[in-house]
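For reference, the structure is listed below as structure tokens.
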Amino acid sequence: MNELNSDKKIVELEDYYLSAEGYRVFTEKYHLKRGYCCRSGCRHCPYGFDKKTNTINKTNK
């Protein structure tokens with residue numbers, strides 16, 4: 001059986017939206033729910049990861 005906990009399910013428009021090109025873009029809320037930075041340079045990264053320098057800027061917004 002493959003049951004998912006209700007707080008782990010992703011919800012369209014809350015956790016992600018589709019870009020004009022058809023890509024799934026995760027929101028800041030989703031990243032915070034996930035709990036860690038994947039270091040992929042996500043558009044809405046709340047952890048401050050900079051893909052160009054490969055560093056995380058930990059200053060608060």
Side-chain angles (χ1 to χ4, degrees):
M1 297 181 109
N2 207 6
E3 293 182 29
L4 294 175
N5 192 342
S6 64
D7 63 337
K8 295 292 183 183
K9 291 182 183 177
I10 60 172
V11 179
E12 187 173 9
L13 300 179
E14 182 178 314
D15 294 323
Y16 73 93
Y17 60 90
L18 296 178
S19 70
E21 298 82 14
Y23 294 108
R24 188 177 293 181
V25 180
F26 290 106
T27 63
E28 182 177 7
K29 183 175 182 175
Y30 170 78
H31 290 291
L32 291 171
K33 186 190 310 186
R34 184 176 61 188
Y36 65 91
C37 179
C38 63
R39 296 180 174 251
S40 295
C42 299
R43 186 178 295 175
H44 301 290
C45 180
Y47 302 104
F49 180 73
D50 184 348
K51 194 170 184 175
K52 293 177 185 172
T53 62
N54 200 30
T55 60
I56 293 178
N57 181 5
K58 293 188 179 191
T59 60
N60 292 333
K61 292 182 179 180

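For the numbers below, each heavy atom of this structure counts, side chains included, while hydrogens, waters and symmetry mates do not. Since we're looking at a predicted model, the values are computed, not measured.
- Looking at every heavy atom in both residues, G35 comes nearest to Y47 through C-OH, 3.3 Å.
- Evaluation of the ring-ring contact (aromatic ring centres under 6.0 Å, His included) rule for Y30 yields F26 as partners, not counting sequence neighbours.
- In this structure K29 satisfies the side chain to side chain donor-acceptor pair (under 3.5 Å) test together with E14, sequence neighbours excluded.
- Within the 6.0 Å centre-distance limit, the rings of H44 and Y17 are counted as a close aromatic pair.
- With rounding to the nearest 0.5 angstrom, the CD1 atom of I10 is 11.0 Å from the CZ atom of R34.
- Looking at residues two or more places apart in sequence or on another chain, you find no side chain to side chain donor-acceptor pair (under 3.5 Å) involving E12.
- Screening N54, T55, D50 against K52 for a side chain to side chain contact (heavy atoms under 4.5 Å, CB included) leaves a single residue, D50.
- Here SG of C38 is found 8.5 Å from CZ of F49. Values are rounded to the nearest 0.5 Å.
- Atom SG in C42 sits 11.5 Å away from atom CD in E28 (nearest 0.5 Å).
- Contact annotation: the side chain of D15 never approaches that of K9 to less than 4.5 Å [non-hydrogen atoms, C-beta and beyond].
- P46 and H31 make their closest contact through CD-CB, 3.4 Å (heavy atoms, listed as atom of the first residue, atom of the second, distance).
- With a 6.0 Å radius and a threshold of 12 heavy atoms from other residues, nucleotides or ligands, R43 has its CZ atom at or below the threshold.
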